[in-house]
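Since the structure comes first, as structure tokens, the remarks are kept for the end.
All ligand and atom numbering here is 1-based and tracks the order in the structure.
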Amino acid sequence: MSDVEREIIRLRTELNRHNHRYYVENNPEISDQEYDMMMHRLEALEHDYPEFDDPYSPTRRVGSDITKGFTQAEHIYPMLSLSNTYSVEEVDSWVCRVDDALAGQKTEIVGEMKFDGTGISLIYEHGRLVRAVTRGDGEKGDVVTDNVMTIRSIPLQLSGSGWPDFFEIRGEIVLPWKAFERLNEERAFNEEPLFANPRNAAAGTLKLQNSAEVSRRGLDAYLYYLLGDNLPFDTHYENMEAARSWGFKVSDSMALLHNIDEIDSYIRKWDVARKELPVATDGLVFKVNSLRQQLNLGFRAKSPRWAIAYKFQAERALTRLRFVSFDVGRMGIITPVANLEPVLLSGTIVKRASLHNEDIIHTLGIHEHDMLYVEKGGEIIPKITGVDTDKRTDGAKPVRFITHCPACGARLVRIEGEAAWVCPDKYHCPPQIIGRIEHFVGRRMMDIDGIGAETAKVLYDKGLVRNIADLYDLKADDLENIEGFGRRSAERVIDGIAQSLQVPFDRVLFALSIPYVGETTAKKIARNVRSIDWLMSLSRIDLESIEDVGPRIADSILEFFSTESNIAVIDRLRTAGVRLELPEVEETDKSDKLTGKTIVISGVFSHYSRDQYKDIIERNGGKNSGSISKKTDFVLAGENMGPAKLEKARNLGVPVISEDEFLKMIE
Ligand code: IVH
């Protein structure tokens, strides 16, 4: 086998492996730039040595985002990608190639941001959004219209005038930095895997089955490409300005450029200025402005000749590994953390970076005191992307994962099929117990103010709170002796603990930290079983018949309730007065609080069923109605309210009221 052939095979194998890490495991090991370089190198070799051609080469493959559970639609025009480069010189030579091909015609170039999200195609008929489709494999994609309709910046009905009766507009669905950070904070809190960057978060969100959750996460969309037979103008720039006037969000960074100097200074400007933007960008896109010239230039196999993407360098630093420490989470998961010599990266000092799990340590081949590459790029959480092996000290040993829990000494176990090591001693391992106390008092659980991570640890260390039931025996005097507490703040905490007796059962269930029972699952279970006693009596088959409960969750619930110490805690919570069931609707609850009001119920509820709410409305003097109109006084909205209904209520100015607000309203 020749060296060239060997190299081609090596690159293909490596690229296939990285594709899997990126698309399937959602856990890339190398930076986008390294990936692109490898791909470019393979493309070049395949071009120069066509005898080694292979229809299965990764260069032939356009990634696909097709997910089961969505219907698919063919794209009217295939959704291609852009050829890209990391060098300004290559952008300049692209301009020269375009000029040559157009034989000296005057060319204008449009510069715009390359948004780092997930591509979308929107179809409008008679000014109304009729369909939204993901990129898919470029030929066909998933229909995600319902989810896209929840994105406020996408007009459902166009304004202004002059749009063609039928057209397509393409753009990027993005999750703004702020929304991304909020989402990851929530996920960290629930010990759910974090999204590595806003792009993955946007793509994941767009494919959710629950559009109310999509709406809550706060997606946004920038549009950058208008397609159709009767476009209003024959330049890209004017068409996008027209689209802006119809109500689409078109980036203000779009600019007309006339020569290489202007292009170079556009690059210099946005390389810095993009850091101030509210959304992630990974480069710039340059497009020939005239549609006629675009047509002349045409397409290559996967990308147009009339456009090129310039990608920003990910910010990277090299620093020394001091040591690897191991954190223990609420669920016992052990996370290795690289403790680094402090280094400045994208304006912040980085001292720690998560190494996620044992596999990553091994694939990177990290040795003690290695020089490590830390990257931020689109990622908010610094990431270790590689090792400078030339700078390795002689005799350095590979970093080894621990075998015993750093907090309690228990022998670690590895969950089957997962990369994580776990400390199995749930009931004696201090960080796990403290983590559960912290979770229990959290805002979305029992909402007890004044006990944060530190206080939870002090209460545990002093022996005052060794499990969540102990909280209900706390006295103001106990707290007053703790540093940072005065009489007033101690009393406030005690008051908060008393108030927590009003927290409904579904939140109590979530607060218990049953592994894999997150907020939504807890709601669904509570709605189904209505009481903890009923839940405890269920068999595995009964459990699995509850929506969202699969074998893993069922096992976890069974294990939780077969543990004696958990039962003891639940008994004490019951004695303290914590709500362990959903209330029955009482016949006597009657009033005239809703007299004369017409109310529409929509969505799924957690405290009572839909029918019970209809009943409650009537017994309080209100009238139920099936559809929203100008006569509707308000919509009582649970989860999963359809986006079309939401939009209709908004257009008619009908208030939308949550379940909690409604219950407050009628007491
Ligand atoms: S134009 C035929 N413009 O980047 C070319 N794409 O790597 C159509 N993207 O699939 C794409 N910002 O999802 C274009 N201003 C922009 C863009 C942009 C982000 C994405 C898009 C595309 C990918 C290509």
Notebook entry, point to check: Taking heavy atoms and a distance under 4.0 Å, where does Val285 meet ligand 1: side chain, backbone, both or neither?
Noted result: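 Contact part for Val285 vs ligand 1: side chain (C-beta onward).
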Nearest protein heavy atom with distance in Å, relative to [atom]:
| atom | answer |
| --- | --- |
| atom 12 (N) of ligand 1 | Phe115 N, 3.0 Å |
| atom 24 (C) of ligand 1 | Leu82 N, 3.6 Å |
| atom 3 (N) of ligand 1 | Lys287 NZ, 3.0 Å |
| atom 2 (C) of ligand 1 | Pro304 CG, 3.5 Å |
| atom 23 (C) of ligand 1 | Lys114 NZ, 4.0 Å |

Margin query: My understanding is that only residues two or more places apart in sequence, or in another chain, count here; which of them pass salt bridge (charged side-chain N to carboxylate O under 4.0 Å, His left out) with Asp99?
Written below: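 Here no residue qualifies.
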Any N/O pair [X]/ligand 1 closer than 3.5 Å:
| X | value |
| --- | --- |
| Trp306 | no |
| Met113 | yes |
| Tyr224 | yes |
| Ser81 | no |

Margin query: Among residues at least two apart in sequence or on other chains, which ones pass side-chain contact (heavy atoms from CB on, under 4.5 Å) with Asn289?
Written below: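 Residues passing side-chain contact (heavy atoms from CB on, under 4.5 Å) with Asn289: Glu108, Val110, Thr235, His236, Tyr237, Leu256.
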Checklist line | Pair Arg17 + Glu14: basic N to acidic O under 4.0 Å | finding: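 Looking at Glu14 together with Arg17, the answer is yes, because their closest N to O distance falls below 4.0 Å.
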Item checked: Thr205 and Arg217: side chain donor to acceptor below 3.5 Å ->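 Yes, Arg217 and Thr205 have a side-chain donor paired with an acceptor closer than 3.5 Å.
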Checklist line | Element-labelled atoms of ligand 1 that are located less than 4.0 Å from some non-hydrogen atom of Glu112 | finding: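 Those qualifying, in numeric order: 3 (N), 15 (N), 16 (C).
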Next item on the list: Considering the heavy atoms of Glu172, write down every atom of ligand 1 situated less than 4.0 Å from one of them.
Entry: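 Checking each atom against Glu172, I get 9 (N), 13 (O), 19 (C), 20 (C), 21 (C).
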